[in-house]
Amino acid sequence: VLGETGTGKELVAEAIHQGSARSGAPLITVNMAAIPPSLAAAELFGAVKGAYTGATGDKEGYFRSAQSGCLFLDEVGDTPAEIQPQLLRAIQQREVQVVGGATEHPDIRVISATDAAVEDSDSGFKAALRHRLGALEVHLAALREHPEDIGTLAIFFFSQALAKEGREGLIPDVETDAREVAAWARLFYDFLCYHWPGNIRQLRNVCQQLVVASETCLVVPDNIQVTLSEHTQSSVALSSAEAQSRRQMDEVSAQEFAVAMYANNHEAAATARDLGVSRQAVYRRIEATVEYRLAQDLAEEEVQRVIKEHCGDECAAALAMKVSLSGLRVRLRNNKSRS
């Protein structure tokens with residue numbers, strides 16, 4: 001099974017096993033990069049008591065543990081060079097030499113996976129082992145190569161995480177406020193533009209982080225917002241020349257700034273992205289304009305009163321006070337830790 005990190009190679013191995021006649025037997029997973037060369041033979045093929053220093057009892061070994069089932073060799077491209085000849089012989093001859101014991105012939109299916117460039121001559125991976133493992137190959141595409149699946153996967157991961165938190169109602173429906181729907185639409189647009197170097201695993205992790213941050217409405221933490229906006233397929237990291245061509249805040253009218261702040265729920269990072277200015281420029285504009293405030297500058301009495309008026313709904317309270325929800329939550333957390 002070949003593919004970049006995070007594309008789901010282990011899930012493919014599990015699916016192959018579960019869909020086979022061997023599904024009633026075990027699927028044994030081994031991280032080949034983690035096996036010490038000095039203990040490789042015993043770890044893989046087993047050993048009898050007293051066969052080597054420290055062998056205080058019989059050791060079954062991964063190959064024999066997978067009897068009648070499947071042995072999944074994960075990260076096989078990182079197998080230490082000293083282990084590769086032993087592994088090749090076991091797979092090629094369909095026999096294992098138990099350390100200090102007899103030769104055995106376990107009945108197993110071997111599935112391997114790697115994201116390493118094992119075809120390269122300088123990879124350190126033996127060509128004979130590569131071809132022996134490659135009798136049947138499954139190539140997994142990077143997530144950026146099938147963006148049509150990003151939305152479906154994201155909804156699945158959001159639903160999983162929300163069910164775990166007992167907050168299934170966060171995902172918008174036909175009765176959701178238009179601004180909240182727009183925020184979700186913008187998030188999914190950013191998802192489609194992003195190149196996802198960590199593939200499906202990274203998408204799942206981002207969805208989980210968003211669920212943790214979003215208690216009553218969608219909140220995109222600054223670190224995720226910056227990642228999504230600065231590393232997309234359609235753009236590369238700003239060079240110093242491009243950074244100098246960024247818009248200046250004095251080019252932004254009061255009306256344009258107001259529209260951007262409203263559309264982005266007063267979140268500085270999202271507002272800066274829409275206006276094409278820096279986040280620092282947005283913070284300076286907020287501090288210099290009487291119509292806007294930072295959550296940290298609100299009077300404690302006002303914060304508690306507005307939250308109470310909105311029955312503890314922090315999202316609604318932030319909108320009412322015209323401050324970012326993330327900033328309000330930071331303030332509330334700091335208050336709680338001090339008390």
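Since the model is a prediction, treat every value here as computed from it, not as a measurement.
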Find out if a path of hydrophobic residues (ILVMFWY) with successive side-chain heavy-atom gaps under 4.5 Å connects Tyr292 to Val259. no

If you round to the nearest 0.5 Å, how far is CG of Leu44 from NZ of Lys59? 10.5 Å

Any Phe63 side-chain heavy atom under 4.5 Å of Val98 side chain: no

Test item: Val30 and Glu43 side chains (from C-beta on) under 4.5 Å apart, heavy atoms: no

Beyond-backbone contact of Val12 with Thr7, side-chain heavy atoms, under 4.5 angstrom: no

Other residues, nucleotides and ligands only: do more than 12 of their heavy atoms fall within 6.0 Å of CD on Gln255? no

For Leu140 and Leu2, what are the C-alpha separation, side-chain angles and deciding distance, and is it a side chain to side chain contact (heavy atoms under 4.5 Å, CB included)? CA-CA 6 Å; Leu140 300 185; Leu2 302 169; over 6 Å; no

d(Asp222 CG, Ser324 OG) to nearest 0.5 Å is 7.5 Å

Quiz question: by atom type and distance under 3.5 Å, do the side chains of Glu300 and Gln304 form a donor-acceptor pair? yes

Between Asn199 (side chain) and Leu143 (backbone), is there a donor-acceptor pair under 3.5 Å? yes

Under 3.5 Å, is there a donor on one side chain and an acceptor on the other for Asp173 and Thr176? yes

Stepwise ring-ring contact (aromatic ring centres under 6.0 Å, His included) test for Phe188 and Phe191: CA-CA 5 Å; Phe188 274 72; Phe191 277 5; 5.8 Å; yes

When rounded to the nearest 0.5 angstrom, what is the spacing between CZ in Arg89 and CZ in Phe45? 10.0 Å

Can you tell me how far apart CG (Leu228) and NE2 (His195) are? Round to the nearest 0.5 Å. 10.5 Å

Might you confirm whether atom OH of Tyr262 has over 12 heavy atoms from other residues, nucleotides or ligands at distances under 6.0 Å? no

For Val277 and Arg285, run side chain to side chain contact (heavy atoms under 4.5 Å, CB included): C-alpha distance rounded to whole Å, both residues' side-chain angles, the deciding distance at 0.1 Å, then the answer. CA-CA 11 Å; Val277 301; Arg285 182 75 169 256; over 6 Å; no

Pairwise side-chain contact, Ile150 with Trp196, heavy-atom cut-off 4.5 Å (strictly under): yes

Single hit among Ile111, Leu27, Val1, Thr29 for side-chain contact (heavy atoms from CB on, under 4.5 Å) with Glu10: Thr29

Would the number of heavy atoms belonging to other residues, nucleotides or ligands and lying under 6.0 Å from CZ of Arg94 be above 12? no

Can you tell me if Asn265 uses its side chain to pair, donor with acceptor, with the backbone of Glu267 under 3.5 Å? no

Go through it in stages, so that I can follow the logic: the residues are Lys9 and Asp115, the test is side chain to side chain contact (heavy atoms under 4.5 Å, CB included), and I'd like the CA-CA distance, side-chain angles, deciding distance and then a yes or no. CA-CA 9 Å; Lys9 296 184 290 295; Asp115 59 3; 4.1 Å; yes

Between Gln225 and Asp190, is a side chain to side chain contact (heavy atoms under 4.5 Å, CB included) present by the stated rule, with each step listed? CA-CA 9 Å; Gln225 188 66 70; Asp190 289 343; 3.6 Å; yes

How many angstroms lie between atom CZ of Arg201 and atom OG1 of Thr5, to the nearest 0.5 angstrom? 4.5 Å

Indicate yes or no: does Arg130 engage Glu137 in a salt bridge with an N to O separation below 4.0 Å. yes

Under the side-chain contact (heavy atoms from CB on, under 4.5 Å) rule, collect the residues that match up with Ser65, sequence neighbours excluded. Ile28, Glu60

Polar side-chain atom of His17 near backbone of Ala25 as donor-acceptor pair, under 3.5 Å: yes

Hey, does Ile286 have a side-chain heavy atom less than 4.5 Å from the side chain of Leu294? yes

Student check: side-chain heavy atoms of Asp107 and Arg22 closer than 4.5 Å: yes

Which value, rounded to the nearest 0.5 Å, describes the distance between Glu165 atom CD and Leu170 atom CG? 11.0 Å

Verify the cluster assignment for Val181 and Leu187: are they in a single hydrophobic cluster under the rule of side-chain heavy atoms below 4.5 Å apart? no

Treating Ser23 as the side-chain partner and Gly19 as the backbone partner, does any N or O pair qualify as donor plus acceptor under 3.5 Å? no

Can you tell if the side chain of Arg144 reaches within under 4.5 Å of the side chain of Glu4, non-hydrogen atoms only? yes

Show me the donor-acceptor pairs within less than 3.5 Å that the side chains of residues 69-81 make with the rest of the protein, sequence neighbours left out.
{"unit_1": "Thr79", "atom_1": "OG1", "unit_2": "Val76", "atom_2": "O", "d": "2.6"}

Do Arg331 and Val323 come within less than 4.5 Å of each other through their side chains, counting heavy atoms only? no

Thr114 side chain to Ala116 backbone, donor-acceptor under 3.5 Å: yes

Please set out all donor-acceptor pairs under 3.5 angstrom arising from side-chain atoms of residues 206-220, sequence neighbours excluded.
{"unit_1": "Ser214", "atom_1": "OG", "unit_2": "Leu210", "atom_2": "O", "d": "2.8"}
{"unit_1": "Ser214", "atom_1": "OG", "unit_2": "Val219", "atom_2": "N", "d": "2.7"}
{"unit_1": "Ser214", "atom_1": "OG", "unit_2": "Val219", "atom_2": "O", "d": "3.2"}
{"unit_1": "Thr216", "atom_1": "OG1", "unit_2": "Asp313", "atom_2": "OD1", "d": "3.0"}

Presence of salt bridge, Arg64 and Asp58, under 4.0 angstrom: no

